[in-house]
Amino acid sequence: GPKKIVVASDGTFFVLSDDSRAHRQSIYHIDSTGRILSSIPVGQSTTSTITNASNLYATPDSGCIYLESLSYIGTPDFRLLKISKFGIRTTIKSWINSNGGPQEYVHEVIPNHHNGYYCRIDSTIIDIPSNTILTENRFIVFDNDDYLVSDSLLKRKDISGNTLWSANIGSIIAHSENSIYLQSDSLRKLDAISGNYLW
């Protein structure tokens with residue numbers, strides 16, 4: 001069944017689905033009436049390898065990205081792939097760990113709105129394609145490229161790193177451009193623009 005669902009900017013949906021217990025996965029592109037626009041196989045298991053898809057995110061151009069891991073023995077190889085709104089799949093970046101050399105484990109990739117991607121590789125955060133090393137893990141990116149970070153507080157920062165607001169931390173349950181839902185001692189709604197608690 002569905003593992004993750006994201007809404008594209010044109011109102012369609014991308015669905016990462018575990019299609020069977022045999023480790024088959026697909027990404028379905030679905031319109032608002034439920035009609036399947038495209039279906040792309042993204043995960044499978046063979047006797048020697050396992051291919052797994054994760055990190056499904058919508059991109060600003062009505063497409064999506066996902067992270068593919070290909071496991072043999074040891075650290076898996078990774079590829080960051082993009083699916084366009086027309087169902088065309090392209091590779092953005094590859095991390096090959098099976099040919100020796102430094103091993104890199106890609107934990108997460110989040111698209112940003114200046115045509116790049118925040119990648120958490122091992123314990124380092126890198127902005128691709130500039131390969132700039134960042135000092136903070138940016139885990140939610142807004143349409144204007146503001147982002148959320150957390151240390152002892154939850155903070156919204158602009159692209160220059162200026163703190164716009166901070167709030168007591170909690171687990172983020174859901175978010176949009178205008179609201180953030182946090183769970184701490186209770187469920188709380190936070191205004192994503194001002195940082196004020198609404199309830």
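- Residue Asn144 holds its CG atom at 8.5 Å from CG of Asp158, rounded to the nearest 0.5 Å.
- His107 pairs by the ring pair (Phe, Tyr, Trp, His ring centres under 6.0 Å) definition with Tyr105, not counting sequence neighbours.
- Scanning both residues, Pro111 and Thr59, for their nearest heavy atoms gives CB-CG2, 4.2 Å.
- Checking side-chain atoms of Asp77 against main-chain N and O of Leu70 turns up no donor-acceptor pair under 3.5 Å.
- Atoms CD1 and CD1, on Ile30 and Ile36 in that order, are 5.5 Å from each other to the nearest 0.5 Å.
- Between the side chain of Ser84 and the main chain of Phe86, a donor-acceptor pair closer than 3.5 Å is present.
- Counting heavy atoms from C-beta on, the side chains of Phe78 and Asn97 come closer than 4.5 Å.
- Considering OG1 of Thr33 and CG of Asp31, their distance stands at 3.5 Å, rounded to 0.5 Å.
- For Phe14, the ring pair (Phe, Tyr, Trp, His ring centres under 6.0 Å) partners two or more places apart in sequence, or in a different chain, are His29.
- The salt bridge (Lys or Arg N to Asp or Glu O under 4.0 Å) contacts involving residues 40-49 comprise nothing, where partners must be two or more places apart or lie in separate chains.
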* Step by step, work out the side chain to side chain contact (heavy atoms under 4.5 Å, CB included) result for Ile180 and Ile172. => CA-CA 7 Å; Ile180 299 169; Ile172 294 179; 4.2 Å; yes
Return a table of donor-acceptor pairs under 3.5 angstrom between the side chains of residues 3-11 and protein atoms on other chains or two or more places apart.
from	atom 1	to	atom 2	distance (Å)
Lys4	NZ	Leu56	O	3.0
Ser9	OG	Pro60	O	3.2
Ser9	OG	Ser62	N	3.4
Ser9	OG	Ser62	OG	2.8
Asp10	OD1	Thr12	N	3.1
Asp10	OD1	Thr12	OG1	2.6

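- Scanning for side chain to side chain donor-acceptor pair (under 3.5 Å) contacts around Thr46 gives Thr49, with sequence neighbours left out.
- Legend: residues meeting side-chain contact (heavy atoms from CB on, under 4.5 Å) with Ile121, ordered by chain and number and at least two apart, are Trp95, Glu104, Val106, Cys119, Ile126.
- Taking 4.5 Å as the limit, some side-chain heavy atom of Asn137 sits within range of a side-chain heavy atom of Arg120.
- Distance alone, capped at 3.5 Å, is enough to place a donor-acceptor pair between the Glu177 side chain and the Asp143 backbone.
- For the residue pair Ser32 and Phe13, the shortest heavy atom distance occurs at CA-CE1, 4.3 Å.
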List the atom pairs, donor and acceptor, that lie under 3.5 Å between side-chain atoms in residues 189-196 and the rest of the protein, sequence neighbours left out.
from	atom 1	to	atom 2	distance (Å)
Asp191	OD1	Ile193	N	2.8
Asp191	OD1	Ser194	N	3.0
Ser194	OG	Asn196	N	3.2
Ser194	OG	Asn196	ND2	3.1

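- To the nearest 0.5 Å, the span separating CG on Leu16 from OG on Ser54 amounts to 8.0 Å.
- Note on Ile110: it clusters hydrophobically with Leu67, by side-chain heavy-atom contacts below 4.5 Å among ILVMFWY residues.
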* Asked: When you look at Ile88 and Ile83, which way does the side chain to side chain contact (heavy atoms under 4.5 Å, CB included) test go after all the steps?
  -> CA-CA 5 Å; Ile88 299 168; Ile83 300 174; over 6 Å; no
* For the pair Lys93 and Leu81, evaluate side chain to side chain contact (heavy atoms under 4.5 Å, CB included) and give the outcome as yes or no after the intermediate values. => CA-CA 7 Å; Lys93 186 164 177 63; Leu81 296 120; over 6 Å; no
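- Here Asp18 contributes atom CG and Ser20 contributes atom OG; the two are 8.5 Å apart, rounded to the nearest 0.5 Å.
- Heavy atoms only, all atoms of each residue included: Val109 and Asn55 are closest at N-OD1, 3.0 Å.
- Applying the side chain to side chain donor-acceptor pair (under 3.5 Å) rule to Asp151 yields the partners Lys155; only residues at least two apart in sequence or on another chain are considered.
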* To do: Walk me through it: do Ile92 and Ile65 pass the test side chain to side chain contact (heavy atoms under 4.5 Å, CB included)?
  => CA-CA 9 Å; Ile92 297 169; Ile65 62 160; 4.1 Å; yes
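- If you chain together hydrophobic residues whose side chains sit under 4.5 Å apart, Ile128 and Ile133 fall into the same group.
- Taking Ile, Leu, Val, Met, Phe, Trp and Tyr as hydrophobic and joining them when side-chain heavy atoms fall under 4.5 Å apart, one finds Leu37 isolated, its cluster having no other members.
- Applying the 6.0 Å contact sphere to CZ of Arg24 captures no more than 12 heavy atoms from other residues, nucleotides or ligands.
- Between the side chains of Asn162 and Ser160, no donor-acceptor pair of N or O atoms lies under 3.5 Å.
- Here the CG atom belonging to Leu148 is positioned 5.0 Å from the CD1 atom belonging to Ile140, to the nearest 0.5 angstrom.
- Shown here are the side chain to side chain donor-acceptor pair (under 3.5 Å) partners of Thr132, two or more places apart in sequence or in another chain: Ser130.
- Nearest heavy atom pair, residue Asn112 against residue Tyr117, reads ND2-N, 3.5 Å.
- Counting all heavy atoms, side chain and backbone alike, Gly87 lies closest to Ile40 at O-CD1, 3.5 Å.
- Looking only at atom types and distance, the side chain of Ser94 has no donor-acceptor partner in the side chain of Arg79 under 3.5 Å away.
- Shown here for Ile169 and Ser150, the closest heavy-atom pair between the two residues is CD1-CB, 3.3 Å.
- Within the structure, the ring-ring contact (aromatic ring centres under 6.0 Å, His included) test picks out no pair touching residues 38-63 (sequence neighbours left out).
- Pairs passing the salt bridge (Lys or Arg N to Asp or Glu O under 4.0 Å) check and including a residue from residues 122-141, sequence neighbours excluded, read Glu136-Lys157.
- Looking only at distances, a side-chain donor or acceptor of Gln25 sits under 3.5 Å from a matching main-chain atom of Ala53.
- Residues Ile27 and Leu80 do not share a hydrophobic cluster, defined by chaining ILVMFWY side chains whose heavy atoms lie under 4.5 Å apart.
- Within the cation-pi definition used here (under 6.0 Å to the ring centroid, within 45° of the axis), Arg156 does not qualify as a partner of Tyr147.
- Panel note: side chain Ser26, backbone Tyr28; no donor-acceptor pair is recorded below 3.5 Å.
- The cluster map of Ile, Leu, Val, Met, Phe, Trp and Tyr, joined by side-chain heavy atoms under 4.5 Å apart, puts Leu154 and Tyr181 in different clusters.
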